[in-house]
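Here, residue 1 is the first one in the sequence, and each next residue gets the next number.
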Amino acid sequence: MKALMIHGTADDSIVDGPGIRFAIFTQGCSHACPGCHNPEALPFEGGMEVTVDELKRRIEDNPLLEGITLTGGEPFEQPEPLLELARWAKKRGLSVWAFSGYTYEELMGGVPSALAKELLEAVDVLVDGRYVQALASHELTWRGSSNQRIIEISANSKLI
C-alpha cells in the first residue's frame, strides 16, 4: 500500500484549478522559496502519512469533483504515490493539475527523478516555476508570481 506525506487536503477547493477540486498539499519542499504561500508544508519532517487508497476513497466520496490538484510542498519530490493517484483519477474522468517549483523543462529532464517525468506525463495542466516574491501579484490566475507558467500537458486539459 503506497503512502505519502501530506500537509493536508482541501476536499472541495475552488482556488486550486478550475471547478471543484480535491487538492493534496504534500509535505516537504527543497525549493523553500521566500514568501512561500504554504511555509508549513516546506519541512520534510512533520505532516501526516496517508495511503493512496485512503485518498482514492475520499475522492470517490465527492461526486461533484471535476479534478484533483497536486500541490505542496513539492509534489514532484514524492512522485511514486502521486503517479498512482493521478493515473487512477484520469481513468475516472477527473482532470489532474499540478503546481511545482520545478520547471517543465527540469521535470522532462528527469529532475528531481526519472519518476517525476512519469508523473508529469500523467498531469493535464502544470503550473511551473519557483515562486518569486518580487514578481508576485494577486491579479494572476492560478499563479503566485508572473514567472510561473500554466502549461497544458494533455489534450484533455481544461483551463476554465
For Arg130 and Cys33, work out which heavy atoms get closest and say how close. CB-SG, 3.7 Å

Taking side chain as C-beta onward, heavy atoms only, is Gln27 less than 4.5 Å from Pro43? yes

When you compare the side chains of Ser100 and Glu74, does any donor N or O come within less than 3.5 Å of an acceptor on the partner? yes

Taking Glu54 for the side chain and Ala3 for the main chain, is one N or O donor matched with an acceptor at less than 3.5 Å? no

Tell me if the CD atom of Glu80 is crowded by more than 12 foreign heavy atoms within 6.0 Å. no

Side-chain heavy atoms nearer than 4.5 Å, only ILVMFWY residues, links allowed to pass through others: does that put Trp142 and Val132 together? no

Would you indicate whether Glu105, at its atom CD, is surrounded by more than 12 heavy atoms from other residues, nucleotides or ligands within a distance under 6.0 Å? yes

Thr71 side, atom OG1; His7 side, atom NE2 - distance, nearest 0.5 Å: 11.0 Å

Atom CG of residue position Leu140 - does it have more than 12 heavy atoms of other residues, nucleotides or ligands inside 6.0 Å? yes

Check side chain to side chain donor-acceptor pair (under 3.5 Å) between Thr9 and all other residues, then give those that pass, not counting sequence neighbours. Asp11, Arg58

Residues at least two apart in sequence or cross-chain that pass side chain to side chain donor-acceptor pair (under 3.5 Å) with Thr26, listed by chain then number, are none

Report yes if the side chains of Ser30 and Tyr102 come closer than 4.5 Å at any heavy-atom pair, otherwise no. yes

Donor-acceptor pairs under 3.5 angstrom involving side-chain atoms of residues 108-119: please list them, not counting sequence neighbours.
from	atom 1	to	atom 2	distance (Å)
Ser113	OG	Leu115	N	3.4
Ser113	OG	Ala116	N	3.2
Glu118	OE1	Arg87	NH2	3.3

Would Ile14 and Asp12 count as a side-chain contact (heavy atoms from CB on, under 4.5 Å) if you check the C-alpha gap in whole Å, the side-chain angles of each, and the deciding distance to 0.1 Å? CA-CA 7 Å; Ile14 58 170; Asp12 54 3; over 6 Å; no

Please step through side chain to side chain donor-acceptor pair (under 3.5 Å) for the pair Ser95 and Arg21, ending with a clear verdict. CA-CA 9 Å; Ser95 69; Arg21 310 189 68 75; 3.0 Å; yes

Give a yes or no on whether Met48 and Leu42 share a hydrophobic cluster (residues Ile, Leu, Val, Met, Phe, Trp, Tyr; joining criterion: side-chain heavy atoms under 4.5 Å apart). no

With sequence neighbours excluded, tell me which residues meet ring-ring contact (aromatic ring centres under 6.0 Å, His included) with His37. none

With a 4.5 Å heavy-atom cut-off, do Trp88 and Glu60 have their side chains touching? yes

Would you say Trp97 ends up clustered with Phe25 if hydrophobic residues are merged whenever their side chains have heavy atoms under 4.5 Å apart, either directly or through other cluster members? no

Can you tell me if Glu84 uses its side chain to pair, donor with acceptor, with the backbone of Pro81 under 3.5 Å? no

Specify the closest pair of heavy atoms between Gln148 and Gly129, including all atoms of both residues, with the distance to one decimal. NE2-O, 3.0 Å

Strictly by ring-ring contact (aromatic ring centres under 6.0 Å, His included), give each pair with a member in residues 104-140 just once, sequence neighbours left out. none

Leu85 side chain near Ile59 side chain, heavy-atom distance below 4.5 Å: yes

Could you tell me whether a side-chain N or O of Asn38 sits under 3.5 Å from a main-chain N or O of Gly72, the two making a donor and an acceptor? yes

About how many Å separate CG of Asp128 and CZ of Phe99, when rounded to the nearest 0.5 Å? 11.0 Å

Atom of Ser13, atom of Val15 and distance for their closest heavy-atom approach: OG-N, 3.2 Å

Tell me whether Asp124 contacts the main-chain N or O of Val96 through its side chain, where contact means a donor paired with an acceptor under 3.5 Å. yes

Begin with the C-alpha distance, continue with both residues' side-chain angles, and end with the deciding distance and a verdict on side-chain contact (heavy atoms from CB on, under 4.5 Å) for Phe44 and Met5. CA-CA 8 Å; Phe44 286 92; Met5 294 304 294; over 6 Å; no

Partner residues of Asp16 under the salt bridge (Lys or Arg N to Asp or Glu O under 4.0 Å) criterion, sequence neighbours left out: none

Measuring only between side-chain heavy atoms, which start at C-beta, is Leu70 closer than 4.5 Å to Ile68? yes

Take Leu4 and Leu55 through the test side-chain contact (heavy atoms from CB on, under 4.5 Å) and record every step on the way to the result. CA-CA 10 Å; Leu4 68 152; Leu55 292 173; 3.8 Å; yes

